[in-house]
Each structure stands twice: as structure tokens, then as C-alpha cells.
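Data first, discussion second: the structure below is written as C-alpha cells.
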Amino acid sequence: MSRHFFDGTGTLMRFVLRRDRLRLPIWLLSFASISAIIALAFVGLYQSAEERQAMAETMRNPAMTAMVGPGYGLDNYTVGAMTAHEMLLMTAVVVGLMSILLVTRHTRTDEEDGRIEMIRSLPVGRLSNLLSILLVLIGANIVLALLTAFSLTALGIESIDLEGSLVYGSALGASGMIFAGVAAVCAQLSPNARSTLGLSITVLLFAYMIRAIGDVMNDALSWISPLNWILRSEAYVNNYWWPILMTLAAAFLLMGLALYLNAIRDLGSGFLPSWPGKGKASKSLLSPFGLALRLQRTGLIAWGAGILLIGASYGSVLGDLESFFEDIDLMQQLIVQASGFSLTEQFIPVLMAVMAILGTIPVLLAVLKLKTEEKNDRLEHILSRAVSRNQLMGGYLAMAILTGFAMLSLAALGLGLVGNAMTEEKLPLGMFYGAGLAYLPAMLFIIGVAVLLIGWAPNLTSTVWLYLVFSFVVIYLGGLFQFPDWMGKLTPYGYVSEIPIEGMNYLNAAMLTLAAVILTAIGMLGFNRRDIGR
């Protein structure tokens with residue numbers, strides 16, 4: 001390629017850094033801080049080797065393997081080994097998501113908004129824009145690796161040494177780079193930003209799912225997933241560097257492929273075929289709901305398939321739980337079984353909570369699509385016709401509620417159908433379904449928060465994602481870190497009944513639903529009163 005293809009790359013890198021001068025530091029400092037806080041929390045919670053070994057026994061079961069990856073260092077479960085084993089995978093998934101969002105924002109989104117066309121009219125190379133964002137993300141992930149490593153080392157914890165911390169931080173940085181490469185390739189294949197984001201996240205979910213199935217059932221299958229590669233680094237135990245180098249090599253190959261595809265692609269097009277539209281629009285497009293469904297159906301189908309497969313992958317490990325716990329005397333002493341409930345039934349609320357929060361992501365994407373359409377100056381065309389603001393908001397609101405119902409249903413069906421196929425104990429499918437739908441009022445509350453922000457503080461709508469992350473940390477790690485009960489009550493998921501261990505608390509469900517209705521009504525009032533547009 002001619003060097004002129006890359007003219008102006010340095011200038012564009014400074015432009016990217018200028019645009020993300022707040023976003024990038026917040027991301028990087030958050031990851032480093034959370035890693036350090038979790039390591040310190042483990043020191044306080046598990047102060048003796050006996051307590052850590054007891055925790056190691058709980059991590060040997062197939063359900064936990066599917067969630068956090070295969071255990072290593074379990075015979076000598078130090079604080080370092082515990083931190084890497086229990087936190088590396090989930091943190092790497094979020095780091096990968098960060099890279100996907102940033103690449104999509106600076107490639108396909110800018111292309112749709114006409115910024116790339118304007119930039120190319122200046123004396124810059126054809127590949128300069130894509131190369132600039134990739135170089136920025138490579139630098140950001142290197143900073144993340146070093147910042148995380150030095151933050152963990154500075155804690156002075158005996159088992160968290162510099163070499164292990166560098167491996168841990170580098171594993172996170174490598175995961176960010178490879179999914180930046182994935183997003184860059186998807187940006188060339190997809191015809192728009194929405195498809196780019198949906199396809200990239202589908203790859204991320206597939207990588208998590210195939211690793212979960214492989215780690216439990218067939219180790220060779222796990223090697224398809226890059227998330228499995230970074231786990232094989234075994235930070236703070238064996239400190240292998242070759243899996244990280246393998247991940248980086250794959251990341252650079254993907255980035256090179258993306259640059260090549262970008263060089264031969266016409267601006268505004270994608271390599272995946274775009275099906276020609278109908279000669280006449282469907283009658284469903286005459287309503288705001290029909291339009292919202294049409295704009296988001298591809299991404300929602302991908303999310304639905306991902307949630308169904310994750311439910312199925314979790315269901316596939318339920319059959320091994322009883323035999324696993326029966327073989328370990330220590331577990332019989334550690335676990336206080338709920339009277340009348342099997343161990344399988346006690347794990348269902350844990351798995352369902354994780355899937356419910358994951359299922360809230362497409363729900364928020366559905367309702368926040370309204371803000372995206374406003375940002376792109378498309379709402380004025382709709383509101384200039386015989387469509388009220390309430391009708392417009394109502395269409396996206398109905399889309400989000402329907403999405404939430406569908407995601408919970410698919411998660412419950414995947415978990416129930418495959419779980420019953422793998423266990424001798426056949427649990428009613430209705431029980432799985434009820435355990436899933438119990439989270440619908442919590443989803444409605446999150447939708448209400450999003451609508452409130454759209455109505456009154458549209459520039460702050462991204463803060464709803466921080467609330468969702470907080471909810472995940474509190475619900476997923478609450479038992480592990482022994483968070484106080486009041487922290488769980490700061491998120492709507494903390495009020496959800498743990499079916500089948502608990503009966504359905506209809507009062508809590510009704511209060512969450514009422515709060516959601518109030519938040520939504522206030523948000524719609526603000527949407528009716530404020531100006532529409534940038």
C-alpha cells in the first residue's frame with residue numbers, strides 16, 4: 001500500500017483523543033480501580049488459607065466453570081490466584097465491549113453521520129481514520145495493562161507480585177485489542193453502525209458461550225474462543241505469556257484484514273449484501289412501533305439467539321451439580337441446603353440473575369435507539385407528520401418491553417429445556433419460566449430510568465449503563481464479597497424473588513412496576529416539553 005494511504009494519521013489520532021478525552025480515562029481508571037478493590041476485598045474476606053481453600057472447592061463445580069472459566073491454582077488458592085480466576089474473564093468481556101463501542105463510534109457511526117466523507121475531503125489518507133482509532137485503542141489497552149499491573153502490585157499483597165500482575169494486566173489489554181480487531185472487521189462487513197455493533201457483540205457473546213460449553217464438556221472446543229486463550233495465561237500461578245502473544249497475533253491479523261477491506265470498500269457500503277427493499281412499504285411501518293421494530297430487528301434477533309444459547313450452555317452443566325457436591329465432603333459442610341430444594345434448584349436463581357442482567361442490555365439498546373434517532377436528526381421527519389411525541393416514545397417503549405419479555409423467555413427456555421435434558425430430576429418448565437419472568441419488573445424499572453433521562457437529561461443517557469454495571473457487580477459479586485443487604489436494595493434486581501427458593505413476592509413486583517410507571521410518565525412529560533434535536 002502506498003504511504004499516502006496513511007497521511008494525516010497522527011492528526012486524526014489527536015482528534016480521536018480529543019473527542020474521548022473524558023471517556024477513555026474514565027474507562028481505564030475504572031478497570032484498574034475495580035481490579036485493585038476486588039483484590040483488597042478478597043484479602044479482607046478470606047484471611048486464612050483454610051477459608052480460601054474452602055472457596056476453591058466451591059469453584060470446582062461445573063456451573064462456576066461455565067461462568068468464570070476453568071480453575072487453576074485451586075490446590076493453593078492464594079489471593080492472587082483467586083483474583084485472576086474469578087475476575088479475569090468477566091473483566092475481559094467488559095474490556096472487549098469497551099473496544100467494540102469505541103471502534104463502532106469512530107468508524108461506522110462517523111461514516112453514517114457524514115464525518116468520514118468530510119475528513120476524506122481533506123489531505124488525509126484513505127486508511128488514516130481506521131488506522132488512527134486502532135492505534136489509539138492499542139495505546140489505550142497498553143496503558144490499561146500497565147495501569148492495572150502497577151495498581152495491583154502497589155497493594156503489597158504477598159501473592160500478587162509484579163510478574164503475575166503484568167500477566168493479568170496484559171491479558172486484559174490483549175482482550176481489548178482482539179475485540180477492537182473484531183469490531184474493525186465487522187465495520188467493513190456491515191452496512192451501518194447498528195449492524196456493526198450487533199455483529200460485534202454477537203461475536204463476543206459467541207466467544208463467551210463456546211468457551212463455557214467447551215470448558216465443561218470438551219476442552220478442545222474452548223480453543224475456538226479468544227476468551228479461553230487469555231484464561232490460559234494462569235496469572236499469579238504459572239504466568240504463561242504465550243496465550244497473550246497468541247491473542248495479540250490474532251488481534252493484529254484482524255486489524256490488518258480490516259485495513260485491507262477498508263482499502264477496497266466504497267464509502268457508505270459494506271461487504272455483507274443489503275437486501276433490496278420492497279416496492280411498497282409494509283403497513284406495519286405506518287406506526288412508530290413498527291418502525292422501531294424494523295430498525296432493530298436484526299440486532300434483536302442476534303441478541304435473542306445469544307441469550308438462548310447462553311441459557312442452554314448454563315443448562316448443560318446442571319446435570320453435574322448433584323454428583324459434584326456429593327463427592328466432596330467439605331462441600332456438604334459448607335453449603336446449607338434450603339429445606340426441600342435440591343442443589344440444582346438453588347443454582348437456578350444465580351444463573352437466572354446473570355442472564356436477566358445480560359438480557360437488559362438489548363432492552364436498553366431498544367429504548368435508547370430513540371435518542372440515537374434524535375441525534376441523527378431523523379425524529380423531526382416523523383414528528384412533522386401526524387405523529388405525537390407520546391406515540392413516538394410509546395413505540396420505542398413498547399419495543400423495549402417486548403424485548404425484555406422475549407429475552408427472559410428465551411433465557412428461561414434455554415436453561416429449562418437443556419437443563420432437564422441433562423438431569424435425572426425433571427423440574428417443571430413453568431418453574432424456569434417463572435424464575436425468568438420474575439425479573440421483568442426490574443427490567444421495567446431500568447426502562448423507566450432510561451426514559452426519564454431521555455426526557456429530562458438526554459445528554460446523560462449513557463449513565464444508565466453505569467447503573468446497569470453497578471447492578472451486575474452488586475448482584476453477581478454480592479454474595480462473594482458479602483456486601484451489606486442495603487447495597488442490594490440500591491438496584492431493582494435486589495428486590496426480585498429467587499424462584500424456586502422463594503415464593504413470588506407480588507408486593508415487591510407491584511412496587512417496582514409502579515415505580516417504573518411513574519419514572520416513565522415523568523420522562524414522557526419531559527420529552528413532550530423539551531426541544532427535539534441536537
Heavy-atom donor-acceptor pair, K489 side chain to G494 backbone, under 3.5 Å
yes
Rounded to the nearest 0.5 Å, how far does CZ of R378 lie from CD of E373?
4.0 Å
With rounding to the nearest 0.5 angstrom, report the CE to CG distance, M355 to L408.
9.5 Å
Could you pull out the closest heavy-atom pair between L308 and L410, with the gap in Å?
CD1-O, 3.4 Å
Are the side chains of W465 and I361 in touch, meaning some heavy atoms are under 4.5 Å apart?
yes
Looking only at side-chain N and O atoms, does S497 offer a donor or acceptor that is under 3.5 Å from a partner on N505?
no
So, does E234 use its side chain to make a donor-acceptor pair with the main chain of G73 at under 3.5 Å?
no
Hey, is the main chain of A81 close enough, under 3.5 Å, to the side chain of T78 for a donor-acceptor pair?
yes
Taking S225 for its side chain and L227 for its backbone only, find out whether a donor-acceptor pair lies under 3.5 Å.
yes
Mind checking whether D110 and R19 have side chains closer than 4.5 Å, heavy atoms only?
yes
Please evaluate residues I348 and L427 with respect to the criterion side-chain contact (heavy atoms from CB on, under 4.5 Å), reporting the C-alpha separation (whole Å), side-chain torsions for both, the decisive distance (0.1 Å), and the verdict.
CA-CA 11 Å; I348 289 173; L427 300 173; 3.8 Å; yes
So, taking the atom named CG in N459 and the one named NZ in K375, what distance separates them when rounded to the nearest 0.5 Å?
10.0 Å
Heavy-atom count around M90 CE within 6.0 Å, excluding the residue itself: above 12?
yes
Above 12 or not: heavy atoms from other molecules or residues under 6.0 Å from CZ of R294?
no
When every non-hydrogen atom of P349 is compared with those of Y439, the smallest separation belongs to O-OH, 3.9 Å
Nearest 0.5 angstrom please: L28 CG to L146 CG, how far?
11.0 Å
side-chain contact (heavy atoms from CB on, under 4.5 Å) with V474: of T491, L490, V469, only one passes, and it is T491
Could you tell me whether a side-chain N or O of S165 sits under 3.5 Å from a main-chain N or O of L152, the two making a donor and an acceptor?
no
Just checking M511: does its CE atom have more than 12 heavy atoms from other residues, nucleotides or ligands closer to it than 6.0 angstrom?
no
Closest approach of A509 to M504 (non-hydrogen atoms, all atoms of both residues):
CB-CE, 3.7 Å
Measure the CZ-OG distance between R52 and S159 for me, rounded to the nearest 0.5 Å.
7.0 Å
Answer whether the closest heavy-atom distance between the side chains of F206 and L309 falls below 4.5 Å.
no
I need the minimum non-hydrogen distance between A39 and I157, along with the two atoms involved.
O-CD1, 4.0 Å
Output, in order, the C-alpha distance, side-chain angles, deciding distance and verdict of side-chain contact (heavy atoms from CB on, under 4.5 Å) for V43 and M82.
CA-CA 10 Å; V43 173; M82 181 183 291; over 6 Å; no
Could you tell me if the side chain of T91 sits less than 4.5 Å from the side chain of F31, heavy atoms only?
yes
Smallest heavy-atom separation, A36 atom then L155 atom, equals O-CD1, 3.7 Å
Between the CZ atom in F432 and the CG atom in N420, the distance rounded to the nearest 0.5 Å is 5.0 Å
Where the side chain of T461 meets the backbone of P458, is there a donor-acceptor pair that is under 3.5 Å apart?
yes
Side-chain donor or acceptor of Y493 paired with backbone N/O of S471 under 3.5 Å:
no
Heavy-atom donor-acceptor pair, W456 side chain to I522 backbone, under 3.5 Å:
yes
With side-chain contact (heavy atoms from CB on, under 4.5 Å) as the test, would you mind laying out the steps for V95 and L144 before giving the verdict?
CA-CA 10 Å; V95 171; L144 170 63; 3.9 Å; yes
Parallel, tilted or perpendicular: which fits the ring planes of Y77 and H85, with parallel below 30° and perpendicular above 60°?
perpendicular
Does CZ in R529 sit with more than 12 non-hydrogen atoms of other residues, nucleotides or ligands closer than 6.0 Å?
no
L102 and side-chain contact (heavy atoms from CB on, under 4.5 Å): which single residue from T107, V136, V16, D20 fits?
D20
Would you say Y168 and I160 make side-chain contact, with heavy atoms under 4.5 Å?
no
Flag side-chain contact, heavy atom, 4.5 Å: M399 against K369:
no
Non-hydrogen side-chain atoms of Y396 and L392 separated by less than 4.5 Å
yes
side-chain contact (heavy atoms from CB on, under 4.5 Å), that's the test. Do L197 and L101 meet it? Break it down for me.
CA-CA 7 Å; L197 186 61; L101 292 173; 3.7 Å; yes
Checking R530 side chain against I454 main chain: does a donor-acceptor pair fall under 3.5 Å?
yes
Does E374 reach the main-chain N or O of I532 with its side chain, forming a donor-acceptor pair under 3.5 Å?
no
If you define the side chain from C-beta out and look only at heavy atoms, does anything of L205 sit under 4.5 Å from W303?
yes
Testing the basics here: between M524 and V451, what is the closest heavy-atom pair and its distance to 0.1 Å?
N-CG1, 4.0 Å
